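The block underneath contains the structure these notes are about, expressed in structure tokens.
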Amino acid sequence: MNSDNIKEGLGRAPHRSLLKATGLTDGQIRKPVIGIVNSFNEIVPGHIHLQTIARAVKDGVLLAGGTPLEFNTIGVCDGIAMGHEGMKYSLASRELIADTVECMVRAHCFDALVFIPNCDKIVPGMLMAAARLNLPSIFVSGGPMLSIPDANGSCMDLNSVFEAVGSYNVGKCDDQLLLYYEDNACPGCGSCSGMFTANSMNCLCEAIGMALPGNGTIPAVYSHRLRLAKSAGEKIMELFEKNIRALDILNAKAFNNALAVDMALGCSTNSVLHLAAIAHEAGVEFNLKRINEISQKTPNLCKLAPAGRHHLQDLNAAGGVPAVMSELNKKGFLDTSVITATGRTMAENLKGVRVVDNTVIRDIDNPYSATGGIAVLFGSLAPNGAVVKRSAVSEDMLVHKGPARVFDSEDEAQEAIYGGKIKAGDVVVIRYEGPAGGPGMREMLMPTSAIAGMGLDKSVALVTDGRFSGATRGAAIGHISPEAASGGNIAYVKEGDMISINIPEYRLDLMISDEELKSRKGSMALQPKKDLGGYIGRYMRYVSSAETGAVVK
């Protein structure tokens, strides 16, 4: 056992003495030591109940004969961090999570790991750590928040509040209605209830094989979630006994499966950024063109919020991620030979699985579209790629050409949007918000929800070297690479330049001549690099481009 390094032999008497100081008995010390990696805190609604999940996991480990020992890592709420300096720290926290887990596990020689994430950057940060450490590992999330109907019968989520703010600013929503959404849209614990980034990544944990069926969709408040956590605790002991490690699961075939499910579900664009980073840790080749290859042949089977009216509780009732995978498997879109955290192959996991509700999960022969939910665009504005959630773009905006409205920060763009300065047909360009330029590649739900709340989401596009929330809908194109701070072409866009968007043809172009672009590069200075200290300053200096997952190198 890996834990023998801290407990076997005469020379480890001091180590055992310290373990006994925590209350462990000789019998507990002799058993496999299972690390319970918990991201509990008291400010993130997706994490306030994770102590209960951890208790259930530990019960499962104890039932199966292991010794569970819990430690914590950080977790940032993207919703609370949205729209101010705090969002610079959200993506950057992903690397900290991976690093802190590595430190704890290497220092204390755990034999296997159960990861308990829930929200946006915590899931990929923990997956990166699992790949880096390559121990027997399993994931069990805290589960999604419930979505409850408003007075008109439409189910609400966090995005409802953001869009209500946009409506309020144009007189379409009064104080009383805004307060109603504020009080009711987020009714309790769990990750925000749409197919936003957190739920996207928790569902993809199933698709990639690192979690048990139901991980992504069983609501946080259901007792089934506690039973799942106990099962994960028991299952980690089986993975330990069979020596099934993280990198036995996280291989190239598994990443292709995850991308196929991503396309079918219509996941957040952030999933591209995170899958690239996880693949980097796993030593698996990952490139943006491969995403389009999979997207072109994989149908979109679900329209979950923000793309449609359904939420995670509806997906769960319809059969969950296994049902989506069973539909994809009918046409051979998955490699079901891969081993998973169940200790069995995906083929074995999918035996007998079927869709319960075809209004939530479309039949493979009746998809919402023949192509997947995410597209990567290339062209003169994004030579190395940009990402859009195609399934959340209205038909009218799949092809669009309009004048650039250029802003050097999210704050400037937000002021213009709320000030009524953005008109139908415009293409809002927000630059210097990339991984290094921001720094931290801020997620911009406030500008996109403001535009949606004003009723402009079917006539205005947004493009940025930053990111958009999984809750964003409309023609919101992010991750433009190279970013402005690195001298990418987005740095040389001028007010009024025509920008061409053609999502079906995977194109994003700045409509100026090569000669004009070259002239601008010789005459236009880049924004000076920010003089920042602390962690965010170090992150700024070492973070890589979005096209490679914005990993720190």
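Heads up: numbering here begins at 1 and tracks the sequence. Nothing here was measured: the structure is a model prediction, and the numbers come from that model.
- Looking at Tyr535, its side chain does come within 3.5 Å of a backbone N or O of Ala92 through a donor-acceptor pair.
- Contact annotation: the side chain of Val76 never approaches that of Met87 to less than 4.5 Å [non-hydrogen atoms, C-beta and beyond].
- Taking all atoms of both residues into account, the shortest heavy-atom contact from His47 to Ser39 is ND1-O, 2.7 Å.
- Using a 4.0 Å cut-off between a side-chain N of Lys or Arg and a carboxylate O of Asp or Glu, Glu293 and Arg290 qualify as a salt bridge.
- Put simply, the side chain of Tyr432 gets close to the backbone of Gln527: a donor and an acceptor are under 3.5 Å apart.
- His479 places no side-chain N or O within donor-acceptor distance of the main-chain N or O of Arg467, the cut-off being under 3.5 Å.
- Using a 4.5 Å heavy-atom threshold, the side chains of His84 and Asp411 count as separate.
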Margin query: Test side-chain contact (heavy atoms from CB on, under 4.5 Å) on Thr464 and Ile477; report intermediate values, then the result.
Written below: CA-CA 6 Å; Thr464 181; Ile477 302 165; over 6 Å; no
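- Judged by distance alone, the side chain of Arg507 and the main-chain N or O of Asn502 form no donor-acceptor pair under 3.5 Å.
- A 4.5 Å side-chain heavy-atom check between Asn489 and Lys521 finds at least one atom pair inside the cut-off.
- No side-chain N or O of Ser391 forms a donor-acceptor pair with one of Asn300 less than 3.5 Å apart.
- Counting only heavy atoms from C-beta outward, the side chains of Tyr506 and Gln296 approach each other to under 4.5 Å.
- Classification of Arg520 and Asp497 as a salt-bridged pair holds, one side-chain N sitting under 4.0 Å from a carboxylate O.
- Salt-bridge formation is not detected for the pair Arg431/Glu412: no Lys NZ or Arg NE/NH1/NH2 atom is positioned less than 4.0 Å from an Asp or Glu carboxylate oxygen.
- Of the charged side-chain nitrogens involved, none lies within less than 4.0 Å of a carboxylate oxygen, so that Lys458 and Asp396 do not count as a salt-bridged pair.
- Asn270 and Thr197 share a donor-acceptor pair across their side chains, judged by distance under 3.5 Å alone.
- Side chains of Glu206 and Asn215: no donor on one and acceptor on the other come within 3.5 Å.
- Side-chain contact between Ile74 and Leu96 is present, with heavy atoms from C-beta onward closer than 4.5 Å.
- Other residues, nucleotides and ligands place no more than 12 heavy atoms under 6.0 Å from the CD atom of Glu42.
- Nearest heavy-atom pair, Thr472 versus Ala392, reported as atom, atom and distance to 0.1 Å: O-CB, 4.2 Å.
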Item checked: Audit row: Arg390, Ser295, side-chain hydrogen bond (donor to acceptor under 3.5 Å, both in side chains) steps and yes/no -> CA-CA 10 Å; Arg390 172 167 46 189; Ser295 181; 2.5 Å; yes
Note to self: Walk me through whether Asp99 and Arg132 qualify under salt bridge (charged side-chain N to carboxylate O under 4.0 Å, His left out).
What the structure shows: CA-CA 10 Å; Asp99 290 350; Arg132 189 183 299 176; 2.8 Å; yes
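- Between Phe255 and Phe286, the ring-plane angle classifies as perpendicular under the 30° and 60° cut-offs.
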Next item on the list: Could you walk me through whether Asn202 and Leu312 pass the side-chain contact (heavy atoms from CB on, under 4.5 Å) test, one step at a time?
Entry: CA-CA 11 Å; Asn202 284 323; Leu312 266 290; over 6 Å; no
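- Of all heavy-atom pairs between Ala424 and Leu456, the closest is N-CD2, 4.3 Å.
- You'll find the side chain of Ile503 stays beyond 4.5 Å of the side chain of Val399, heavy atoms only.
- In summary, the side chains of Asn199 and Ser191 do present a donor paired with an acceptor at a separation below 3.5 Å, with no hydrogens or angles considered.
- In summary, Lys121 and Asp78 engage in a salt bridge, as defined by a charged side-chain N under 4.0 Å from a carboxylate O.
- Inter-residue side-chain proximity for Leu304 and His311 is flagged as unmet; no heavy-atom pair is nearer than 4.5 Å.
- A donor-acceptor contact closer than 3.5 angstrom is absent between the side chains of Asn287 and Glu547.
- Atom NZ of Lys253 has 12 or fewer heavy atoms from other residues, nucleotides or ligands within 6.0 Å.
- The main-chain N or O of Ser268 is found under 3.5 Å from a side-chain atom of Ser200 such that the two form a donor-acceptor pair.
- The aromatic ring centres of Phe110 and Phe71 sit less than 6.0 Å apart.
- Remark: side-chain polar atoms of Ser90 are not paired, donor with acceptor, to backbone N or O of Gly86 under 3.5 angstrom.
- For Glu85, the CD atom counts as loosely surrounded, since its 6.0 Å shell holds 12 or fewer non-hydrogen atoms of other residues, nucleotides or ligands.
- In this structure, the separation between CG on Asp426 and NE2 on His400 is 7.5 Å, given to the nearest 0.5 Å.
- For Val427 against Gly402, the heavy-atom pair with the smallest separation is CG2-O, 3.8 Å.
- Using a 4.5 Å heavy-atom cutoff, the side chains of Leu247 and Asn251 are not in contact.
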